[in-house]
Amino acid sequence: MRKILLLGASGSIGSQSLDILRRDRQSFLLTGFSVGFHVEKIPEILKDFPSVTSICVRKEEDYNSLITQYPNIHFYWGDEGLREICEEGDYDMAVNALVGFSGLVPSIFVLRRDKILALANKESLVVGGKLIKRFLKEGNGKLYPIDSEHVAIAKLLSRVDINDVEKILITASGGSFRNMSLEELKNVTPEMALNHPTWKMGPKITIDSATMMNKGFEVIEAMVLFDLPSEKIEILMHDESHVHSLLKMKDGTYLADVSVPDMHGPIEYALYESKVDFDLVKANSLSELGDYHFHKFDPNRFKAPLIAVAAYEAGGDETTILNAANEEAVYAFLDGKIPFTDIEKEVERALEKIAFDKEKVSLRKILTLDQSTRRYCAKRFERR
Ligand code: NAD
Ligand code: MG
């Protein structure tokens, strides 16, 4: 039985992870979790999982009231708390379903303790990909991604000889505005952007899907996870999100992973460490899934993926600036401070203007650069 620490239990991936833990109590024991600001979710999670011994919340005042309410549980709070629960918690596998930069330090500390990391927080790989790769190469911990495309690619690669693969094709729905021109994008609202055509996800990744920064992040994620250069990875537009990704083989054959767009499948694949011989979510026949449409990716319409990959290939801490500026711009758009079309412009500007020392990547340097990028962006958005 695996002891599980679930970070981000109140979110979209977090609550779907709880579904899987609830269904298979023989294989999993939840021992700890975090909920950010959503402390109202704690009683219902504890009712279902009395095995929990540690919980992390975002705010100190929540921490202060919870320690008297639940004297038998060890509470933590804030970013420090997330690090400590990873450092001290009693678990075999941590599921990192946090959103944004807050997920990086927990990922690193889980691997440092030689534990298993089931990773939905793709920002960890965007910002800390080089560090994480180093850890894994040195034999620290194990990593299983929770992202539909990367689980699809991992499944496909496990069935073929990598030398026979010409390219990996990552599918992209194009997000909420895929049928709009650049001109039409100027007046879109956060409400419109939050309406994704195929997936129900947290707000940040939904906006990242609309700009397609998410796809740029996913190319970086694939480069880190599968140790591939960007030339070996292509984006393919696919409306229905049924084909989760493909391999283009050297003999001209395409191999595709086709299944229902439901994140329970990829989460399950990570939780069972790729040893799943059944699926929670299944289509009984291909016709049930309906039609499939593929289109060429247009880099003039969607610039964000190229900005992201160029930042990663620059080789230093550029992806820290990329990620922090993107997060700040996404939240500024959601708060009505900047138009949608400024998100990628602000990211490009931050990458161009913010100076940093290009010596070897370290966690301390990443944390400092993340903060200075956020200060730079906050000043720009304040002035508007
Ligand atoms: P979400 O917004 O629904 O949930 C995020 C969770 O993180 C919540 O529990 C929230 O309370 C917590 N959180 C946020 N900021 C925090 C902070 N500063 N400190 C502590 N806790 C904090 O997000 P989501 O859609 O579940 O996405 C989570 C991650 O998974 C993201 O990195 C996303 O890119 C990735 N992902 C999501 C999906 C999906 O279908 N939702 C698919 C693939 C990958
Ligand atoms: Mg994805």
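All residue numbers in this chain count up from 1 along the given sequence.
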How about N64 and E60: does a side-chain donor come under 3.5 Å of a side-chain acceptor?
-> no
Side-chain ion pair, D19 and R23, N-O less than 4.0 Å = no
Taken in chain and number order and not counting sequence neighbours, the residues that satisfy salt bridge (charged side-chain N to carboxylate O under 4.0 Å, His left out) with R349 are none
What do the steps show when you test R380 against E328 for salt bridge (charged side-chain N to carboxylate O under 4.0 Å, His left out), and what is the final call?
-> CA-CA 10 Å; R380 284 188 55 77; E328 291 298 314; over 6 Å; no
Assess whether atom OH of Y254 is packed by more than 12 heavy atoms of other residues, nucleotides or ligands within 6.0 Å.
-> no
Check salt bridge (charged side-chain N to carboxylate O under 4.0 Å, His left out) between K365 and all other residues, then give those that pass, not counting sequence neighbours.
-> D317, D357
Should K186 and E183 count as an ion pair when the cut-off is N to O under 4.0 Å?
-> yes
Is a side-chain donor or acceptor of S51 paired with a backbone partner of T31 at a separation under 3.5 angstrom?
-> no
Aromatic centroids of F28 and Y272 separated by under 6.0 Å | yes
Got a sec, which residues hit salt bridge (charged side-chain N to carboxylate O under 4.0 Å, His left out) with K248, two or more places apart in sequence or on another chain?
-> E166
Aromatic plane relationship, Y292 with H242 - under 30° parallel, 30 to 60° tilted, over 60° perpendicular = perpendicular
Would you mind checking if D62 and R58 are paired as a salt bridge, meaning a charged N to carboxylate O distance below 4.0 Å?
-> no
Answer yes when E218 and K215 have at least one side-chain N-carboxylate O distance shorter than 4.0 Å, and no when they do not.
-> yes
Distance-only, no hydrogens or angles: does the D92 side chain make a donor-acceptor pair with backbone N or O of K3 under 3.5 Å?
-> yes
Cation over ring, K130 on Y312, under 6.0 Å and within 45°?
-> yes
Is there a path of hydrophobic side-chain contacts, each under 4.5 Å between heavy atoms of I, L, V, M, F, W or Y residues, that connects W77 with F37?
-> no
Keeping the roles fixed (side chain from H238, backbone from H293), state whether a donor-acceptor pair exists under 3.5 Å.
-> yes
K337 with E346: basic N within carboxylate O range, under 4.0 Å = no
Would you say K204's side chain and V330's backbone share a donor-acceptor pair under 3.5 angstrom?
-> no
T171 and V243: which non-hydrogen atoms are nearest, and at how many Å?
-> OG1-O, 2.8 Å
Under 3.5 Å donor-acceptor, N96 side chain and A118 backbone | no
Answer with yes or no whether the side chains of D24 and Q26 bring together a donor and an acceptor at under 3.5 Å.
-> no
Describe, in one word, how the ring planes of Y70 and F75 are oriented to each other, choosing from parallel (under 30°), tilted (30 to 60°) and perpendicular (over 60°).
-> tilted
Tell me whether the guanidinium CZ or amine NZ of K155 lies under 6.0 angstrom from the six-membered ring centre of Y269 and within 45° of its axis.
-> yes
Is there a donor in the side chain of E191 and an acceptor in the side chain of N195, or the other way round, less than 3.5 Å apart?
-> no
Do F340 and F177 have their ring centres less than 6.0 Å from each other?
-> yes
